[in-house]
2 protein chains.
Amino acid sequence: MAHLDAIDTAILKALQQNGRISNAELAERVGLSPSACSRRLDILEKSGTVTGYHARISPKALDYKMIAIVHISLSGQFAKTLAEFEAAVKLCPNVLVCYLMSGEYDYILRVAAKDLEDYERIHRDWLSALPHVVKINSSFALREIIDRPNVGV
Amino acid sequence: MAHLDAIDTAILKALQQNGRISNAELAERVGLSPSACSRRLDILEKSGTVTGYHARISPKALDYKMIAIVHISLSGQFAKTLAEFEAAVKLCPNVLVCYLMSGEYDYILRVAAKDLEDYERIHRDWLSALPHVVKINSSFALREIIDRPNVGV
DNA sequence: AGGACGGGCGCAATGTCCTTGCAAAGCCGG
DNA sequence: CCGGCTTTGCAAGGACATTGCGCCCGTCCT
């Protein structure tokens, strides 16, 4: 992942906002010929600077109407304890985000569910089954105020 | 936003995973001719089912190395209080996610910062300036375990 | 039951776009 | 000042997106 100049940054910004823009328009927007732009983007992708392109789907369309924020504490902080927990949590497809945190709880999760009944199932079959957990605290999102894909977009 | 059949769902799933796939390959993947696929996608976009396409950039490349989770309590739950807070929080570009929550705190925020100094600036200039706030609790992500763009991908 | 209607499909054509080779221009170090 | 490296713009060939058109199938109404 080499150094990024102003044009690279412009390419990344444009694709953050519209990831399905054509290469021709992207080139025009950053002030480059299409071929040069395509080659730069190719480098950005292969170097891992661009990690992927994803469509954002209206959650209602997919029937995931519910977001839960789950705080979890483990029974210890040994590397093995953390590793086992993390390996297990990665298997749950409803967990969108998981961070190891500073502060009162060890992990914070963002979980998507179709409804309360679905969340009850996820909680029972997945979250409660995670290893080394000593405390789970679920809160539910009442309303989404902001959900930006990236900083400053 | 009309009803989605199996092919629509397949289109959405494919574009969730790779939002820059060509229409030709998308069509092949869902078992449709390119023209039919293009027309379906057009409908999905215009109906608001697909809300956008976004490149995912390695946070390190953009120098945002730090994620903070911020819990906030307000001085009341009146609609006007909430509305004023929400209007203000939307203006901060570093706030990636904001939910109105059930539970102990009123809002939960996910904030991106370049480093601790940058976060201190955001906290001072933005978060502390939000109206009606009576309590702010910041925790920092030590490590990212999962960050999925969508459910089940 | 039969015909009219409409939604959705595939095919084909045209215009646009992506990609790769190539030569020239810029940049840096020796 | 020169040689090598990088990156650019241009051109060509092949792939792709889009739109019109005719067809098929399911539905509704008589």
Side-chain angles (χ1 to χ4, degrees), chain A residues 1-64 114 149-153, chain B residues 1-64 114 149-153:
Chain A
M1 204 177 307
H3 175 254
L4 305 178
D5 65 11
I7 295 181
D8 287 322
T9 308
I11 291 175
L12 296 178
K13 277 220 172 120
L15 289 174
Q16 271 184 3
Q17 297 181 245
N18 184 354
R20 220 176 153 74
I21 190 179
S22 77
N23 179 64
E25 190 181 340
L26 178 63
E28 189 182 3
R29 204 172 289 190
V30 303
L32 226 55
S33 73
S35 59
C37 187
S38 170
R39 278 184 279 244
R40 273 183 185 253
L41 181 52
D42 201 47
I43 293 171
L44 290 172
E45 289 171 353
K46 286 184 177 147
S47 71
T49 305
V50 175
T51 60
Y53 302 91
H54 305 280
R56 272 171 95 79
I57 314 295
S58 163
K60 285 184 295 186
L62 291 182
D63 236 28
Y64 281 92
K114 298 199 176 188
N150 285 102
V151 179
V153 176
Chain B
M1 205 178 302
H3 176 253
L4 305 177
D5 64 12
I7 295 181
D8 288 321
T9 307
I11 291 174
L12 296 177
K13 278 220 170 118
L15 289 173
Q16 271 183 4
Q17 296 180 248
N18 184 352
R20 218 175 155 77
I21 190 180
S22 76
N23 179 65
E25 190 181 340
L26 178 63
E28 190 182 4
R29 205 172 288 189
V30 303
L32 227 55
S33 73
S35 58
C37 187
S38 169
R39 279 185 278 244
R40 274 183 184 253
L41 181 52
D42 199 48
I43 293 172
L44 290 172
E45 289 172 352
K46 287 185 177 147
S47 71
T49 304
V50 176
T51 61
Y53 302 91
H54 305 280
R56 271 169 96 80
I57 314 296
S58 162
K60 285 183 294 186
L62 291 182
D63 236 27
Y64 281 91
K114 299 199 176 188
N150 285 102
V151 180
V153 175

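Labels below follow one simple rule: chain letters A, B, ... track the order of the sequence lines, proteins then strands, and each chain is numbered from 1.
- With hydrogens and angles left out, the side-chain atoms of A/Y53 and A/E45 include a donor and acceptor closer than 3.5 Å.
- Rounded to whole Å, atom P of C/dC17 lies 10 Å from atom CD of A/E28.
- Here D/dT18 presents its P atom at 12 Å from CG of B/L26, a figure rounded to the nearest Å.
- A donor-acceptor pair is defined here as one N or O able to donate and one able to accept, closer than 3.5 Å; such a pair exists between the side chain of B/S47 and the backbone of B/I43.
- B/R29 has its CZ atom 13 Å from the P atom of D/dC16, to the nearest Å.
- With distances taken from any side-chain atom of B/N23 to the nucleotides D/dA17, C/dC18, D/dG9, the minimum falls on D/dA17.
- Proximity of B/V151 to A/L62: side-chain heavy atoms (C-beta onward) are nowhere separated by under 4.5 Å.
- As a whole-Å value, the separation of A/I43 CD1 from D/dT8 P is 8 Å.
- In this structure, CG of B/L32 is placed 14 Å from C1' of C/dG7, rounded to the nearest angstrom.
- Shown for residues 33-42 of chain B: residues whose heavy atoms fall under 4.0 angstrom of DNA chain C, namely B/S33, B/S35, B/A36, B/R39, B/R40.
- Remark: side-chain polar atoms of B/R20 are paired, donor with acceptor, to backbone N or O of A/I21 under 3.5 angstrom.
- Partner of B/D8 under the side chain to side chain donor-acceptor pair (under 3.5 Å) criterion, out of B/R40, B/H3, B/K13: B/R40 alone.
- At a threshold of 4.5 Å between non-hydrogen side-chain atoms, the residues A/Q17 and B/H54 do not count as touching.
- Regarding A/R20, its CZ atom lies at a distance of 16 Å from the C1' atom of C/dT16, rounded to whole Å.
- When side chains are defined from C-beta on, A/L32 does not count as touching A/L26, because their heavy atoms never get closer than 4.5 Å.
- Between the two ends of the helix from C/dA1-D/dT30 to C/dG30-D/dC1, each summarised by a five-pair axis, the helix axis turns through 30° (rounded to 10 degrees).
- Considering only heavy atoms from C-beta on, A/Q16 stays 4.5 Å or farther from A/P149 through its side chain.
- Atoms CD (A/E45) and P (C/dT19) sit 9 Å apart, rounded to a whole Å.
- When rounded to the nearest whole Å, the span between NE2 of B/H3 and P of C/dG7 equals 17 Å.
- In this structure the side chain of A/T51 never reaches within 4.5 angstrom of the side chain of B/I57, judged on heavy atoms.
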